[in-house]
Number of protein chains: 2
Amino acid sequence: MLFTKAFTSQALAAKLESLVDLSTEERSSLGALPIRQVDVPAGELICRAGDQLSSCFIVLEGFVSLSKETAAGTRQITAFALPGDMPDLLGLHLKVANHDLAAITPCRLASVEHSDLRSLCRTFPAIAEALWTSTLVAGSVFEEWVVNVGSRKATSRLAHLFCEMMTRLEALGLARNDVCDLPLTQVHLAEATGLSRIHVNRSLQELRKQELITYTNGRLTIHDRTGLAQMGQFDPDYLHVPRPGWRT
Amino acid sequence: MLFTKAFTSQALAAKLESLVDLSTEERSSLGALPIRQVDVPAGELICRAGDQLSSCFIVLEGFVSLSKETAAGTRQITAFALPGDMPDLLGLHLKVANHDLAAITPCRLASVEHSDLRSLCRTFPAIAEALWTSTLVAGSVFEEWVVNVGSRKATSRLAHLFCEMMTRLEALGLARNDVCDLPLTQVHLAEATGLSRIHVNRSLQELRKQELITYTNGRLTIHDRTGLAQMGQFDPDYLHVPRPGWRT
DNA sequence: CGTCGTTTTGACCGCCTTCAACTATTGTGG
DNA sequence: CCACAATAGTTGAAGGCGGTCAAAACGACG
């Protein structure tokens, strides 16, 4: 890892402002939050479940996976964190991380001391509320994933995941015209959907055959938005993004 | 439903005090929180996904399920709420419920206006922190459920669920000597684990055959704690209860 | 050009689902 | 107190979805 001193990027501020209104004072205090910038190469672990942390991360650039090890040595990915997300904000109040964090792509993170964050929350309740809300949304996404892996068939699970990622990336301005960079290998998809690598491959072929998507070289294109949403039983409400752009 | 005016029971206060230390003033303000008491008969819906609520519930007595409908008309249960839990606290900041709430047993609930709760949080930051923390724990449980339904086999899923419920009920003083009332039908278990009703039945027989549990008439007895924990790959950390009482 | 990770294909097998029927238990009204 | 209905649990048989194993094709990169 490579460390640099810096100040908070726009990523977090943008995220929080999508949840609550911030005054100029709050915005500038947020910008002045002292952070340590951290660069992590692709594939590297950022922290492990059980780690006791005195700071938490903000994703500035890149894709981060949240995962848990299972007995057989396999991983279950429980969520993906994108720029603006704080994948271990839970540690602010609970002290121990309860999942592994790994950089899927090369990532730029900001590390914020819990003490700094806590005093910021004390001074500006609106910021505390925004952070709280962001953890609620994260919880809501976990809950939807329970439904996804618990009750849908392989093609539906993948369709749902693609809809979710497209929606979130659009909200970040990282997708346009139903095209986005989604740098996940089929192994990542398998670990996120609770399927085997091989069955993911075959299910992707099925989605292609039905002309719903193309997905090559980490680039996802959705050809039939409503068709994919139907296949994945996708309803964007649980993501709580302002204007989802999916018609039911 | 049957409504009565009343004041907050000990259930919530006890729950919050397990998460943060409260001053006597905070404790009494919490007790003075105006609530409307609601009694719900077994099997009845409490609210639906998508409802816009101006108040939220505290479970005082009984078992509540959180669930989402899927396309085929089936349900996926995403969590169980026990006394002291606030299963739709999410609505405090996000306005819309994102799951159905249903009374599994006859339930006594307390309904608290969001405005009252919000002003209480504003006056006592420690209470806000405790509530925030409780939502973080709930999120942590969702995350573990993703792992459970995403990566474990039938018997493991059930074993894990039983370990979780036993741990939580113990923390509430509702279990003793590895015995607790767990008023869930096999259909509930199926909906919570993402299995079919029939396979739940057969997996339960397997757990009994291995002399890990008995489970009849809504009463769970764990005969082999470590064996069950191993089968379910259960590690109580994610529940964030003070003293779990499971040896690794 | 060889190496390593990723994707793809084929064959086989098993966990779990589905369908159908039967039993046990609980509750209700005559 | 019994008849009946309704709910919950159990058993059997058949079949499908997806897992596992093995190997080949493909692509990126040094």
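Labels below follow one simple rule: chain letters A, B, ... track the order of the sequence lines, proteins then strands, and each chain is numbered from 1.
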ask   = Taking C-beta and beyond as the side chain, do A:L239 and A:E144 meet within less than 4.5 Å on heavy atoms?
value =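 Contact flag for A:L239/A:E144 side chains = no.
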inquiry  = Is any side-chain heavy atom of B:V147 closer than 4.5 Å to one of B:R152?
reply    =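 In contact.
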Roughly how many Å is it from [atom1] in [X] to [atom2] in [N], rounded to a whole number?
X: B:Y215; N: D:dG9; atom1: OH; atom2: C1'; answer: 12 Å
X: A:R157; N: D:dC17; atom1: CZ; atom2: P; answer: 13 Å
X: B:N217; N: D:dT10; atom1: CG; atom2: P; answer: 10 Å
X: B:Q186; N: C:dT26; atom1: CD; atom2: C1'; answer: 16 Å
X: B:K209; N: D:dT11; atom1: NZ; atom2: P; answer: 12 Å
X: A:L207; N: C:dT8; atom1: CG; atom2: P; answer: 12 Å
X: A:Q205; N: C:dT7; atom1: CD; atom2: C1'; answer: 9 Å

Nucleotide nearest [X] (side chain, heavy atoms from C-beta), chosen from [options]:
X: B:I198; options: C:dC16, C:dT8, C:dT18; answer: C:dT18
X: A:R197; options: D:dG9, D:dG19, C:dT7; answer: C:dT7
X: B:H199; options: C:dC19, C:dC16, C:dT9; answer: C:dC16
X: B:S196; options: D:dT10, C:dT17, C:dT9; answer: C:dT17
X: A:R202; options: C:dA20, C:dA11, C:dT8; answer: C:dA11

Presence of B:N201 side-chain N/O under 4.0 Å of D:dG9 phosphate oxygens OP1/OP2 =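 Result: no.
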Indicate, with a heavy-atom threshold strictly under 4.0 Å, whether [X] touches base, sugar-phosphate, or nothing.
X: A:G194; result: sugar-phosphate
X: A:L204; result: nothing
X: A:L195; result: sugar-phosphate

query = Should the pair B:H160 and B:Y238 be assigned to parallel (<30°), tilted (30 to 60°) or perpendicular (>60°) ring geometry?
reply =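 Because their plane-to-plane angle is under 30°, the rings of B:H160 and B:Y238 count as parallel.
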query = Taking the six-membered ring for Trp, are B:Y215 and B:F162 parallel (under 30°), tilted (30 to 60°) or perpendicular (over 60°)?
reply =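 Taking B:F162 first and then B:Y215, their aromatic rings sit tilted (interplane angle of 30° to 60°).
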query = Pick the nucleotide of DNA chain D nearest each of B:T185 and A:R152; which residue has the one closer to the 5' end?
reply =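 Nearest-nucleotide comparison on DNA chain D picks B:T185.
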ask   = Is the closest basic N to carboxylate O distance between B:E143 and A:K68 below 4.0 Å?
value =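 Here B:E143 does not pair with A:K68 in a salt bridge, since their nearest N and O are not under 4.0 Å apart.
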